[in-house]
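One structure is given here, and the rest of the page talks about it.
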2 protein chains.
Amino acid sequence: MQAKEAAERLKITQRMLRHYEKEGLLEVGRTLNGYRSYTEADLRRAGRIRDFIATGFSTREIRAMAACLSDEGSGPCEGGVEKLREKLEHIDRLRAELDEKRGAVIDRLGTLQNGLATISSR
Amino acid sequence: MQAKEAAERLKITQRMLRHYEKEGLLEVGRTLNGYRSYTEADLRRAGRIRDFIATGFSTREIRAMAACLSDEGSGPCEGGVEKLREKLEHIDRLRAELDEKRGAVIDRLGTLQNGLATISSR
DNA sequence: CCAAAGCCTGACCTACATGTTAACGTTAGA
DNA sequence: TCTAACGTTAACATGTAGGTCAGGCTTTGG
């Protein structure tokens with residue numbers, strides 16, 4: 001599919017799709033006329049990138065992860081084991097924080113809605 | 001407590017503590033000599049700010065939320081509920097991906113270590 | 001009293017996500 | 001054929017996290 005549709009489906013801008021590409025996070029094929037042609041797999045990958053960025057990862061970090069996480073190519077994974085270990089720590093810590101956060105947000109949502117309900121039912 | 005200890009306990013820099021303050025996310029008392037004096041409550045709050053930032057919230061968003069998240073003041077909470085919902089979506093989506101990824105990382109670690117063990121035992 | 005170590009403010013610099021705009025090629029419909 | 005809508009690249013602009021450094025207090029231990 002073309003850029004416009006891809007961006008719409010991902011709810012990001014075409015600008016950011018190009019940005020991911022320039023940062024080496026995504027490779028997108030071209031049609032004869034030079035237009036980008038996004039596959040469904042591209043969309044899924046881009047969606048993950050979008051979420052990682054929205055959750056505080058830099059393109060640099062994402063790039064490092066991508067190299068080490070690929071199923072094939074045990075090739076260019078320099079010092080990969082340590083990096084992976086570090087990353088695991090980060091991920092686990094983040095998971096815990098996200099859980100906390102999630103709970104807090106949900107609680108708060110409840111409180112707000114109760115508050116609003118209380119007010120509007122006066 | 002003083003700035004140095006606060007920063008050490010939070011594992012961030014004094015710079016960032018001051019930054020939070022300047023951004024209006026944190027109010028810290030002063031001693032007679034003008035030094036900041038952090039209470040335990042300040043630490044907890046700063047820790048939360050740190051985690052929010054590390055998880056992709058901007059100071060602007062946190063500020064908006066702070067209004068929404070405070071236990072009192074149901075006052076200036078414009079559109080807060082929707083924002084909270086959006087963030088929840090991101091968080092949940094990412095949680096799922098992190099789980100996936102975590103599994104992949106663990107597998108990959110195993111593979112690498114087996115590989116190394118195989119080599120070193122030759 | 002002096003030096004070391006802390007604190008303060010303010011300014012400057014970097015990295016990076018993201019928006020916007022200009023200049024230009026392509027495609028499809030009236 | 002003309003125009004609108006789409007695509008492309010490249011350049012410039014902005015907002016913000018975060019580092020670092022300078023100049024100048026205060027506190028504390030020898």
Side-chain angles (χ1 to χ4, degrees), chain A residues 1-39 42-43 45-67 90 93-94 97 101, chain B residues 1-39 42-43 45-66 83 86-87 89-91 93-94:
Chain A
M1 89 198 55
Q2 290 199 160
K4 182 175 189 166
E5 187 183 346
E8 278 168 2
R9 281 181 51 183
L10 290 171
K11 289 178 186 153
I12 58 180
T13 60
Q14 297 179 33
R15 173 71 167 81
M16 290 316 294
L17 278 170
R18 267 175 276 137
H19 181 58
Y20 299 164
E21 224 179 317
K22 189 173 303 186
E23 292 295 323
L25 302 177
L26 193 60
E27 272 187 63
V28 183
R30 304 292 182 121
T31 51
L32 295 175
N33 57 19
Y35 286 14
R36 287 175 182 78
S37 173
Y38 295 89
T39 66
D42 291 338
L43 276 215
R45 186 178 179 101
R48 264 176 275 136
I49 296 169
R50 172 204 59 196
D51 286 346
F52 270 89
I53 285 182
T55 318
F57 288 81
S58 67
T59 50
R60 172 186 294 280
E61 285 175 301
I62 300 172
R63 206 178 309 118
M65 269 195 173
H90 280 152
R93 203 156 43 217
L94 190 63
E97 288 179 15
K101 192 146 321 210
Chain B
M1 86 198 59
Q2 293 199 155
K4 182 175 188 165
E5 188 185 346
E8 278 168 0
R9 281 180 51 184
L10 290 170
K11 289 179 185 151
I12 57 179
T13 60
Q14 298 180 32
R15 172 69 164 81
M16 289 318 293
L17 279 170
R18 268 175 277 140
H19 182 57
Y20 299 164
E21 224 178 319
K22 188 173 305 188
E23 292 295 323
L25 302 177
L26 194 59
E27 272 187 63
V28 184
R30 305 290 182 124
T31 52
L32 294 176
N33 58 18
Y35 286 15
R36 287 178 182 77
S37 174
Y38 296 88
T39 66
D42 291 338
L43 276 215
R45 184 177 179 103
R48 265 177 276 135
I49 295 169
R50 172 203 61 195
D51 288 346
F52 271 88
I53 284 182
T55 319
F57 289 83
S58 67
T59 50
R60 171 186 295 280
E61 285 174 302
I62 301 172
R63 208 177 307 120
M65 270 195 172
K83 277 185 189 168
E86 283 171 32
K87 218 55 185 177
E89 275 177 43
H90 278 148
I91 291 175
R93 202 155 46 216
L94 192 64

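So you know, we letter chains A, B, ... as the sequences are listed, proteins then strands, and number each from 1.
- One finds no side-chain N or O of B:Gln2 lying less than 4.0 angstrom from the OP1 or OP2 phosphate oxygen of C:dG6.
- Atom pair A:Gln14:CD and C:dG19:P shows a separation of 12 Å (rounding to whole Å applied).
- Atom CZ in A:Arg18 sits roughly 11 Å away from atom P in D:dA10 (whole-Å rounding).
- The OH atom of A:Tyr20 sits 10 Å away from the C1' atom of C:dT18 (whole-angstrom rounding).
- Not one side-chain nitrogen or oxygen of B:Asn33 sits closer than 4.0 Å to the OP1 or OP2 atom of D:dC25.
- Between A:Asp42 and A:Ser37, the shortest heavy-atom contact is OD2-O, 3.8 Å.
- Between A:Ile53 and B:Arg30, the residue anchored nearer the 5' end of DNA chain C, judged by the nucleotide with its closest heavy atom, is B:Arg30.
- Contact annotation: A:Arg60 side-chain N/O to C:dC16 OP1/OP2 distance is under 4.0 Å.
- In this structure, the CD atom of B:Glu8 is 14 Å from the P atom of C:dA5, given to the nearest Å.
- Taking CD1 from B:Ile53 and NE2 from B:His19, the interatomic distance works out to 6.0 Å, rounded to the nearest 0.5 Å.
- For B:Arg15 against D:dT20, a side-chain N or O and a base N or O form a donor-acceptor pair under 3.5 Å.
- Comparing D:dC6, C:dC8, C:dG19 against the side chain of A:Tyr35 picks out D:dC6 as the nearest.
- A straight line from CG of A:Leu17 to P of D:dG7 spans 11 Å, rounded to a whole angstrom.
- If you measure from atom CD of A:Glu61 to atom P of C:dA15, you get 16 Å, rounded to the nearest angstrom.
- Applying the 4.0 Å criterion to OP1 and OP2 of D:dA17, one finds that B:His19 has a side-chain N or O inside that range.
- Within the structure, a side-chain polar atom (N or O) of B:Thr13 is placed less than 4.0 Å from OP1 or OP2 of D:dG19.
- Note: CZ (B:Arg50) to C1' (D:dG18) measures 16 Å, nearest angstrom.
- At a threshold of 4.5 Å between non-hydrogen side-chain atoms, the residues A:Tyr20 and A:Arg50 count as touching.
- Within the model, atoms CG of A:Leu10 and CG of A:Leu43 stand 5.0 Å from one another, a figure rounded to the nearest 0.5 Å.
- The pair B:Arg60-B:Glu23 does not meet the salt-bridge criterion, since no charged nitrogen lies less than 4.0 angstrom from a carboxylate oxygen.
- Taking atom NZ on B:Lys22 and atom P on C:dC8, their separation rounds to 12 Å, with Å as the unit.
- For A:Ser58, no side-chain nitrogen or oxygen approaches OP1 or OP2 of C:dA15 to under 4.0 Å.
- Residues A:Glu23 and B:Arg36 both approach DNA chain C. Their nearest nucleotides, taken by heavy-atom distance, put B:Arg36 toward the 5′ side.
- Ranked by how close their nearest DNA chain D nucleotide is to the 5' end, B:Thr59 and A:Gly34 are led by A:Gly34.
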